[in-house]
Amino acid sequence: MAAWVKGGAADVDAAVAAAADLLATARVPVLAGLNADVAALRAAYRLAETLGASLDPVAGPGIYAELGALSAGGAMTTTRAETTARADVVLILGNRPWDGDLIAEIAAAPIRRGRATGSERALLSLGGPQNGAIRHVAYGADEGGLAVSLGHLRAFAKGHLAGEEAFADLARRLFAAQYGVVIYDAEELGEIGVEMLQGLIRDLNESTRFFTLPLADPFQGRATVQLSAWTTGQAPRVGFGRHLPEHDPWRFDSARQIAAGEADAALWLAALPAPRPDWLGTLPTVAIVGEGSTEAAGETAEVVITVGVPGESVGGALWNQRRGVIAYADATSPAEAETAAGVLARIRDRLIEKGVSC
């Protein structure tokens, strides 16, 4: 495994020692990114507890768009398998659901369960692409975006607005469903949009059956939510500065903390590819990244340690979008490699040896 300390090549032991020294001197450290397998996430939470640090996943915006709406009014959700097998009306919101193979799979599959068995499936899209490869009816979004469009649609669905607008036609199609599903990405929709959508779903369920299928973010956010819940009883943005895990989505937003000058050191964990934050390199940072990462040049952090990529060079428990669970992913190209969990544990052990403890 490659490692760098202040831009110079180093062995992993030296890099671990340098990382422990850097974090030991911090008064308000943050652990960010958290795009890794479950073992590494668990090790990151243990390290944060030892340091008195806060944690913030790169998937935070999507996570909190969903959790905010869920805490406000609950959610009615279904699974990919149920959508494919039962849904006779599928509404696709925005652009992100069109990435990957989900929509094509739904379009190609027959309805084989429930009251709609054998009927033709209607695919509808709101604010998405005019995808000519997949037969569907597309509706344009309002200039205000998807959240405003959903408010507009809900007003037609509730009868507060009337007329021959496209939203009236879309509302009629939704109410005609026997088993309907709305597919969306929480970060693309935003918290207000997700809350408006769940209100629309409640309205539809007064006379038919309708559910949502939220897409998982690509940065292990769903796994982080579950691990944080069973570790701290709270959602992922937590801090251990006062000896107990405290949850505060605003206070422990790493970008806000760093921009405000509150944090004085960071550990960036991205064993799996993740978008590099703007703040990387603006304060003393330890980066634990997957092999081949752009951070591996040693130019963006004082200490950089490369580790095996879960599901590629090493195995690991990861969020499985198709199954909707955390599942073990074998290494597709096994190699001798340090794991992120192992490196984090070694840093924590060095800190404990140095007498650092929250």
Other than Leu70, which residues form its hydrophobic cluster under the rule that side-chain heavy atoms must be closer than 4.5 Å? Ile63, Tyr64, Leu67, Val225
Counterpart residues, salt bridge (Lys or Arg N to Asp or Glu O under 4.0 Å), relative to Asp248 (two or more places apart): none
Checking side-chain polar atoms at under 3.5 Å, does Thr212 have a donor or acceptor matched by the opposite partner on Gln198? yes
Does the side chain of Val58 reach to within under 4.5 Å of the side chain of Pro277, using non-hydrogen atoms? no
Using the salt bridge (Lys or Arg N to Asp or Glu O under 4.0 Å) rule, collect all pairs that involve residues 185-199, keeping only residues at least two apart or in two chains. Arg96-Asp185
Donor-acceptor pairs under 3.5 Å, side chain of residues 308-319 to any protein atom, not counting sequence neighbours: which ones?
{"from": "Ser313", "atom 1": "OG", "to": "Glu291", "atom 2": "OE1", "distance (Å)": "3.4"}
{"from": "Ser313", "atom 1": "OG", "to": "Val309", "atom 2": "N", "distance (Å)": "2.8"}

Does any pair with a residue in residues 17-41 pass salt bridge (Lys or Arg N to Asp or Glu O under 4.0 Å), and if so which ones, sequence neighbours excluded? Asp21-Lys354
Which residues pass the ring pair (Phe, Tyr, Trp, His ring centres under 6.0 Å) test with Tyr139, sequence neighbours left out? none
Give a yes-or-no answer on whether the side chains of Gln178 and Thr208 include a donor-acceptor pair shorter than 3.5 Å. no
Please list all pairs meeting side chain to side chain donor-acceptor pair (under 3.5 Å) that have one or both residues in residues 108-122, counting only residues at least two apart or in different chains. Glu82-Arg113, Glu120-Arg135
According to ring pair (Phe, Tyr, Trp, His ring centres under 6.0 Å), does anything in residues 207-235 pair up with another residue at least two apart or in another chain? List the pairs. Tyr179-Phe211
Which residue pairs pass the salt bridge (Lys or Arg N to Asp or Glu O under 4.0 Å) test with at least one member in residues 51-72, sequence neighbours excluded? Asp56-Arg237, Glu66-Arg222
Residues which pass side-chain contact (heavy atoms from CB on, under 4.5 Å) with Asp203, listed by chain and number, not counting sequence neighbours: Arg154, Lys158, Glu206
Those residues at least two apart in sequence (or on a different chain) that pass side-chain contact (heavy atoms from CB on, under 4.5 Å) with Ala138 are Ser125, Gln130, His136
Linking Ile, Leu, Val, Met, Phe, Trp and Tyr by side-chain heavy atoms under 4.5 Å, what else ends up with Ile111? none
